[in-house]
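Counting starts at 1 for both ligands and their atoms, in listed order.
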Amino acid sequence: MSFSRALQKTVSKRVLKTLVVLVVFLPLWTYMQASLTVNRSLVFIRSADDGNVRADDNVATESADAVRCSHNCGHSGTTESGSITSSSEPLSRQFSTPAVTEEVLRRHRDDVMPFCENPTRSSAPRWPSKEPVTAQELAERFPMMQLGGHYSPSNCTPREKLAILIPYRNRSVHLHTLLPNLIPMLIKQNADFTIFVVEQAMPTRFNKGVLFNAGFLEALKLGDFDCFILHDVDMIPLNDANTYQCRSDGPVHFMAGVNKFHYGLSYSWLLGGVLGFTKDQYKAVNGFSNLYFGWGAEDDDMFLRLKKKRMDYHRKGKDVGLYDMIRHSRDKGWEPINSRFSITHFSTRRIDDDGLNTAVYSRTSLRQLPLYTWIRVFVDMKQVYEKAPEYMKDVIEKASRENAALLSPGSVEDH
Ligand code: UDP
Ligand code: MN
């Protein structure tokens, strides 16, 4: 064989090899890389106006990060950047509407009225009024509201009864800014709702988890609610089409973005702001942990609870789920403590031993005001901590010391 033929043969063999690599191995390699990336991130599914976020088994590292940064982690992952992939759940389950329960059917039969439909449609966000409105003016503006902050449409049968639970202390201006925005939105949505303001008495450090649990238990003593919307007092919804409705297939996170984070979220598994549970879902996760006094981590703890209970949650899309948070400084009695991370460390281990079934508080007031039912509770930190599991003894002692230091005389005043 001449030198030139041998060269030709070698070259064509090389070309053939390169082609094989390009055609077969390269796509295979790219595919494997892509699926690895997908597995590492939160599995994220989105429909036209609703998302479904499912924490997969590999999320432990992310949730550990969530626990470490707790809220202010910069603008890392947002809802919009989630990986779109398939889920093991059938589509019918992911996007089903709330279940029509026996109770709803009974109401329907008794009423002989059509079910309420929500006439609001996705539209451009409106500019909310940020002017607080006095209690008297509010009562005049909303004469259709019944005592205790209740409203029910008169010409249709609601599919569910909503309890709006607002954890509260010393935020009168925020409350009087939220109500004139929230009430008309819910009326437009044809919702049957009752607003509960759950206030924590001074001087104990603020504990949002206990307030949610107390609100849930106290509301159920007053009415048979199907859906509980846990609502920060300073979150103003910007779109009337953000339907406050629970879903039978998982809790709903109504907030897709907030002005504070340039209308995104600070991290993808953030659950703060406005969150909705059916009665059964809230019971299934045993409500919120009671052990977080001070700012932060109680919502990350809830994320871990949902993950542990294998409960998918749904996040609204940005077409409807935007909020303006009224700007504010950190309240006294609500400063964060470092031990919150150590408390979160035991989050999933103690789900069934810390929450709704162990909430301790005493209800010191209950009044039905024109626009809301006002529930005031006193929370005794020592009593709450005594209920913590034995294996958390050291962590609780440390948290207790940190809280006590922040409560040194003069650091918190009653108002
Ligand atoms: N909150 C309150 N008084 C307080 C602390 C907190 O009413 O002293 C309630 C209020 O509903 C508020 C929510 O707890 O919206 C969350 O607190 P904050 O707004 O400080 O948290 P952020 O999300 O702004 O960090
Ligand atoms: Mn806030």
Tell me whether the centres of the aromatic rings in [X] and [Y] are closer together than 6.0 Å.
| X | Y | answer |
| --- | --- | --- |
| Phe196 | Phe225 | yes |
| Tyr391 | Phe346 | yes |
| Tyr244 | Phe254 | yes |

Heteroatom proximity flag, [X] to ligand 1, N/O under 3.5 Å:
| X | value |
| --- | --- |
| His231 | no |
| Asp234 | yes |
| Asn170 | no |
| Lys332 | no |
| Trp295 | yes |
| Val233 | yes |

Requested in this report: Mind running salt bridge (charged side-chain N to carboxylate O under 4.0 Å, His left out) on Arg169 and Asp331 for me, showing each step along the way?
Outcome: CA-CA 9 Å; Arg169 179 153 79 185; Asp331 310 78; over 6 Å; no

Query raised in the report: Does Arg340 use its side chain to pair, donor to acceptor, with the backbone of Glu298 at less than 3.5 Å?
Result: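 Flag not set: sc Arg340 to bb Glu298 has no pair under 3.5 Å.
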
Query raised in the report: Where the side chain of Asn207 meets the backbone of Gly209, is there a donor-acceptor pair that is under 3.5 Å apart?
Result: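 Yes.
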
Query raised in the report: Do Tyr313 and Gln281 have a side chain donor and acceptor closer than 3.5 Å?
Result: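 There is no such pair between these side chains.
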
Query raised in the report: Going by distance alone, is a donor N or O of one side chain under 3.5 Å from an acceptor N or O of the other, for Asn239 and Tyr323?
Result: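 Asn239 vs Tyr323: no donor-acceptor pair found between side chains.
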
Sub-4.5 Å side-chain heavy-atom contact between [X] and [Y]:
| X | Y | result |
| --- | --- | --- |
| Val133 | Leu179 | no |
| Phe216 | Phe288 | no |
| Leu356 | Leu217 | yes |

Query raised in the report: Which atom, counting only N, O or S, brings Asp234 closest to the Mn ion (ligand 2)?
Result: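 The Asp234 atom nearest to the Mn ion (ligand 2), restricting to N, O or S, is OD2.
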
Would you say [X] touches ligand 1, if touching means a heavy atom closer than 4.0 Å?
| X | result |
| --- | --- |
| Gln200 | no |
| Gly333 | no |
| Glu199 | no |
| Ile166 | no |

Just jot down the ligand 1 atoms closer than 4.0 angstrom to any heavy atom of [X], in number order.
| X | result |
| --- | --- |
| Lys260 | 22 (P), 23 (O), 24 (O), 25 (O) |
| Lys208 | 14 (O), 16 (C) |
| Asp331 | 4 (C), 5 (C), 8 (O), 20 (O) |
| Met325 | 24 (O) |
| Pro167 | 7 (O), 9 (C), 10 (C), 11 (O) |

Query raised in the report: Are the charged groups of Arg330 and Glu335 less than 4.0 angstrom apart, N to O?
Result: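 Judged by the 4.0 Å cut-off on N to carboxylate O distance, Arg330 and Glu335 do not form a salt bridge.
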
Requested in this report: May I ask you to identify, for Arg171, whether its side chain, its backbone, both or neither come under 4.0 Å of ligand 1 on a heavy-atom basis?
Outcome: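 The answer is the side chain of Arg171.
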
Query raised in the report: Quick one: does ligand 1 sit under 4.0 Å from the side chain of Met235, the backbone, both or neither, non-hydrogen atoms only?
Result: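 None of Met235 does.
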
Query raised in the report: When you draw lines from the Mn ion (ligand 2) to SD of Met325 and to NE2 of His328, what angle lies between them, to the nearest 10°?
Result: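 Met325 SD and His328 NE2 form an angle of 100° at the Mn ion (ligand 2).
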
